[in-house]
Student: 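Take this structure, written in structure tokens, and hold onto it; I'll ask about it next.
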Number of protein chains: 2
Amino acid sequence: MPRTESSTPTVRDVAQLAGVSPGTVSKALNGRGQLREETRQRVQDAADKLGFHPNQLAKSLIEGRTYTVGVLTTASFGRFTMPLMTGIEDSLGAGKVSTLFCDSRGDPLRERHYLQELLSRRVDGLVVTGRKPDPRHSLGRLPIPVVYALTQSEDDGDLSMTYDDRQGAELATNHLIAVGRKRIAYVSGPTRHLSTRLRQQGTEDALEAAGMKLDPRDVLLGEWSEAWGRTAAGILIRQAEPIPVDGIFCGSDQIARGVADGLREAGVDVPRQVAIVGFDNWDVMVQGSRPPLTTIDPNLTMLGQLAANRLLNAIDGGELGSGHILRPCDLVLRQSSMSS
Amino acid sequence: MPRTESSTPTVRDVAQLAGVSPGTVSKALNGRGQLREETRQRVQDAADKLGFHPNQLAKSLIEGRTYTVGVLTTASFGRFTMPLMTGIEDSLGAGKVSTLFCDSRGDPLRERHYLQELLSRRVDGLVVTGRKPDPRHSLGRLPIPVVYALTQSEDDGDLSMTYDDRQGAELATNHLIAVGRKRIAYVSGPTRHLSTRLRQQGTEDALEAAGMKLDPRDVLLGEWSEAWGRTAAGILIRQAEPIPVDGIFCGSDQIARGVADGLREAGVDVPRQVAIVGFDNWDVMVQGSRPPLTTIDPNLTMLGQLAANRLLNAIDGGELGSGHILRPCDLVLRQSSMSS
DNA sequence: AAACACACGGAAATCCATTTCTGTGGTTGA
DNA sequence: TCAACCACAGAAATGGATTTCCGTGTGTTT
């Protein structure tokens with residue numbers, strides 16, 4: 001009896017139609033073995049006619065590779081992970097590798113479950129990501145390569161890749177110095193966030209290198225919000241002794257936008273009187289701000305690309321490496337720091 | 001000779017260690033067949049010791065199900081697809097189904113390629129998504145169920161789910177009417193976007209139902225930007241005949257924020273003199289605005305959940321359904337439309 | 001004409017987990 | 001005591017594609 005064939009065709013269906021064996025179909029379609037051109041063509045025609053596409057599962061089972069990479073994120077699809085994902089896809093897509101997404105939402109139990117799931121599915125590698133203020137616990141030894149991106153593993157045996165907060169802050173501060181600012185303030189988020197501390201460190205280093213100092217009164221730490229930026233602006237305006245603050249490095253574009261609004265509404269001209277540099281290069285903030293913000297771009301997409309590339313390389317047998325890799329940030333110039 | 005076993009253990013490894021056959025291992029671990037309790041335990045212990053987890057690939061091959069759903073998006077990981085994805089994950093995760101993400105970035109060629117890839121991987125179903133101003137072409141008949149979410153298929157035989165632009169606009173307008181506004185304006189994005197037209201329609205319908213009319217001068221269409229919102233605010237202020245505009249429905253929160261800024265800076269009190277309602281419930285805009293914005297929430301996460309649920313149901317043999325399903329939006333009240 | 005080489009394509013094993021079928025022991029009942 | 005039956009676990013087939021190994025048949029060489 002004829003098989004009730006309306007489902008997806010297999011090699012056997014193609015073989016039957018072409019009058020050859022399944023093995024021959026495989027060879028014909030993959031250009032392996034030695035077949036007569038006529039046979040190859042016949043198989044090809046049969047495959048086309050049936051709309052045959054090999055079952056990747058079966059392939060993976062044999063090859064021992066799934067051409068799939070798991071992405072395990074703690075922060076839900078957020079503003080920071082988004083560009084990272086784009087970068088990851090850039091690299092993986094080119095390598096014909098697909099992406100299995102799992103969002104643990106910060107729940108360790110969920111994370112364990114997803115990890116197990118991904119391992120069961122025999123992904124070839126893993127990218128662990130998520131915005132975390134501090135280094136996260138390691139997933140431990142796994143049979144596949146793992147890259148921690150945008151988040152850092154506690155274990156130095158793991159490979160972590162993040163952008164360089166400190167270097168970014170130095171870049172921002174040096175720019176403010178370069179445009180002639182004499183008293184530079186640092187407005188940022190909560191101290192408990194590592195980023196806040198690192199960026200302050202970078203600011204201090206840059207100032208010191210220029211023979212300047214960060215006045216403790218000019219370090220204002222609050223929340224990552226516009227409202228805090230506006231508040232901070234109000235505080236800074238009142239500190240004009242011995243000289244007024246004329247440059248502000250903000251720990252985020254949101255804060256920077258708040259600062260810009262606060263200053264403008266107090267009648268302070270940006271950038272003439274005060275130059276502002278933000279952090280993140282978050283377009284809605286950066287473009288929505290008046291004036292548009294000079295900012296530090298953490299190059300998240302590139303970070304994603306690099307992480308994925310490292311992973312692909314390791315999957316192909318290369319060395320994964322270990323330790324903490326810090327990728328440099330870039331300075332993006334806009335009006336908030338430069339007279340046009 | 002002993003197999004050089006450091007790789008992931010298989011049923012055979014477990015079987016060997018437990019001194020039983022592979023088949024027995026399967027039965028023991030899955031609670032099937034009739035085995036002595038002692039044997040079951042022995043196998044379990046062996047599995048635990050080796051850290052055995054069954055290869056999902058092999059399972060899928062037999063079952064004919066991969067417990068994987070493909071998500072094909074045209075818009076890169078964006079602001080709109082993000083909450084949708086979260087919703088999709090909500091539903092799928094609960095059903096032990098994983099998500100294979102593909103981002104075609106609006107490139108039809110890439111999309112075709114990804115589709116083929118997903119089919120090769122034998123995903124159980126497909127969610128097609130992406131922000132598109134107009135209905136998109138159908139993927140056609142596929143061997144698996146497909147749901148179009150947040151985007152609409154041209155083919156009525158497909159199942160599309162989007163939020164209801166028109167109803168959202170009615171909600172907004174009715175609210176403005178309810179808080180006593182007598183002259184309501186509509187500020188939105190480009191006419192070429194379907195959303196712009198639908199929301200205008202909704203606004204007109206609501207006004208008409210209340211015995212009011214949308215003055216053509218009060219329809220301002222530009223871009224989806226804050227800058228346009230500020231510009232529009234300036235225009236509206238000057239139109240005070242016969243009575244001043246006292247309510248503005250904006251096609252996006254970005255525009256609404258711009259309008260709010262424009263009005264405030266022109267000395268117009270929001271919401272006392274002019275009430276504003278936005279669209280999207282995009283937190284940075286809604287919270288960053290002064291005052292915080294009353295807005296329309298398109299409930300994207302719920303839309304994602306529903307789409308995924310429909311898909312899961314169809315995968316389990318249920319009826320997928322077809323046509324265009326419009327999900328209602330919600331009104332979220334904040335200060336921009338109500339005196340505190 | 002005998003011997004050999006090669007082109008071609010089929011049969012079977014492989015990947016791994018599951019399931020059905022089968023067969024062995026031991027136990028129960030007539 | 002022998003037939004009947006049950007508990008238990010192994011053997012083998014399954015799914016789909018690939019690959020290795022082999023056996024044809026044709027063509028070439030001396």
Side-chain angles (χ1 to χ4, degrees), chain A residues 3-5 7-44 46-47 50-68 116-117 119-124 143, chain B residues 3-5 7-44 46-47 50-67 117 119-124 143:
Chain A
R3 301 173 61 191
T4 51
E5 198 57 36
S7 57
T8 35
T10 72
V11 264
R12 277 150 73 162
D13 301 317
V14 178
Q16 197 174 351
L17 183 60
V20 295
S21 75
T24 305
V25 171
S26 172
K27 287 175 212 157
L29 263 35
N30 295 301
R32 260 177 279 271
Q34 30 193 19
L35 278 68
R36 227 178 316 160
E37 187 48 39
E38 188 267 331
T39 310
R40 202 179 291 278
Q41 196 50 246
R42 191 150 40 88
V43 171
Q44 188 58 258
L50 294 175
F52 169 77
H53 289 279
N55 186 329
Q56 186 62 243
L57 266 65
K59 241 182 212 170
S60 299
L61 197 54
I62 298 179
E63 273 198 73
R65 265 193 75 165
T66 52
Y67 292 90
T68 308
Q116 205 40 259
E117 181 68 28
L119 290 175
S120 283
R121 288 171 185 274
R122 300 293 189 266
V123 294
D124 298 331
Chain B
R3 302 173 59 191
T4 50
E5 199 57 36
S7 57
T8 36
T10 73
V11 265
R12 277 151 73 164
D13 301 318
V14 178
Q16 196 173 353
L17 184 59
V20 296
S21 74
T24 304
V25 171
S26 172
K27 288 175 212 157
L29 263 36
N30 295 300
R32 262 177 278 273
Q34 33 192 16
L35 279 70
R36 226 179 317 161
E37 185 49 40
E38 187 266 333
T39 310
R40 201 178 292 278
Q41 196 50 247
R42 192 150 39 89
V43 171
Q44 187 58 258
L50 294 175
F52 170 77
H53 290 278
N55 186 329
Q56 186 62 242
L57 266 62
K59 245 183 209 167
S60 298
L61 197 54
I62 297 178
E63 273 197 75
R65 266 193 75 165
T66 51
Y67 292 89
E117 181 68 28
L119 290 175
S120 283
R121 287 171 186 273
R122 300 293 189 266
V123 294
D124 298 330

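Residue numbers begin at 1 in each chain, while the letters A, B, ... track the order of the sequences.
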Student: Calculate the interatomic distance between B/R32 atom CZ and C/dT20 atom P; express it in whole Å.
Tutor: 9 Å
Student: Measuring to OP1 and OP2 of C/dG10, would you say a side-chain N or O of A/T24 lies under 4.0 angstrom away?
Tutor: yes
Student: Tell me whether the OP1 or OP2 atom of D/dA17 has a side-chain N or O from A/N30 closer than 4.0 Å.
Tutor: no
Student: Within this structure, what is the CG-to-C1' distance between A/L119 and C/dC16, rounded to whole angstrom?
Tutor: 16 Å
Student: Measure from the side-chain N and O atoms of B/N30 to the backbone N and O of B/K27, and report whether any donor-acceptor pair falls under 3.5 Å.
Tutor: no
Student: Can a donor-acceptor pair be found, under 3.5 Å and without considering hydrogens, that links the side chain of B/S120 to the backbone of A/N55?
Tutor: no
Student: From CZ of A/R40 over to C1' of C/dG9, roughly how many Å is that when rounded to an integer?
Tutor: 12 Å
Student: Please give, in whole Å, the distance from C/dG9 C1' to A/E38 CD?
Tutor: 12 Å
Student: For the side chain of B/K59, starting at C-beta, report the closest nucleotide among D/dA17, C/dC8, C/dA17.
Tutor: C/dA17
Student: Identify which nucleotide among D/dC8, D/dG15, D/dA17 has an atom closest to any side-chain atom of B/Q34, counting heavy atoms from C-beta outward.
Tutor: D/dC8
Student: Between C/dC16, D/dA17, C/dT18, which one does the side chain of A/I62 approach most closely?
Tutor: D/dA17
Student: How many Å lie between CZ on A/R65 and C1' on D/dT18, as a whole number?
Tutor: 16 Å
Student: Nearest nucleotide by nearest heavy atom, which residue falls closer to the 5' end of DNA chain D, B/A58 or B/V20?
Tutor: B/V20
Student: According to a strict under-4.0 Å criterion, is B/R12 in side-chain N/O contact with OP1 or OP2 of C/dC16?
Tutor: no
Student: When you get a sec, tell me which of C/dG9, D/dA17, C/dT19 is the closest nucleotide to the side chain of B/S26?
Tutor: C/dT19
Student: Any non-hydrogen side-chain atom of A/S21 less than 4.5 Å from a side-chain atom of A/T24?
Tutor: yes
Student: Is any side-chain N or O of A/K27 under 3.5 Å from a base N or O of C/dG10, one able to act as donor and the other as acceptor?
Tutor: yes
Student: Consider the side chain of A/T10, meaning its heavy atoms from C-beta on, and name the nucleotide among C/dA17, D/dG10, D/dG16 that approaches it most closely.
Tutor: D/dG16
Student: Using only side-chain N and O atoms of B/R36, determine if any of them is under 4.0 Å from OP1 or OP2 of D/dA7.
Tutor: no
Student: Whole angstrom is fine here: how far is it from CG in B/L50 over to P in C/dC16?
Tutor: 14 Å
Student: Name the one of B/K59, B/R122, B/Q56 that satisfies side-chain contact (heavy atoms from CB on, under 4.5 Å) with B/T66?
Tutor: B/R122
Student: Looking at D/dT18, C/dA17, D/dG10, which one has an atom nearest to any side-chain atom of B/S21?
Tutor: D/dG10
Student: Is any side-chain heavy atom of B/R121 closer than 4.5 Å to a side-chain heavy atom of A/Y67?
Tutor: yes
Student: Rounded to whole Å, how long is the line connecting atom CG of B/L35 with atom C1' of C/dT18?
Tutor: 14 Å
Student: Of the candidate nucleotides C/dT14, D/dC8, C/dT19, which contains the atom at the shortest distance from the side chain of B/T39?
Tutor: D/dC8
Student: Tell me: CG of A/D13 to C1' of D/dA17, nearest whole Å?
Tutor: 13 Å
Student: Looking for any heavy atom pair under 4.0 Å, which part of the strands does B/L61 touch: base, sugar-phosphate only, or nothing?
Tutor: base
Student: Measuring only between side-chain heavy atoms, which start at C-beta, is A/L29 closer than 4.5 Å to A/R40?
Tutor: no
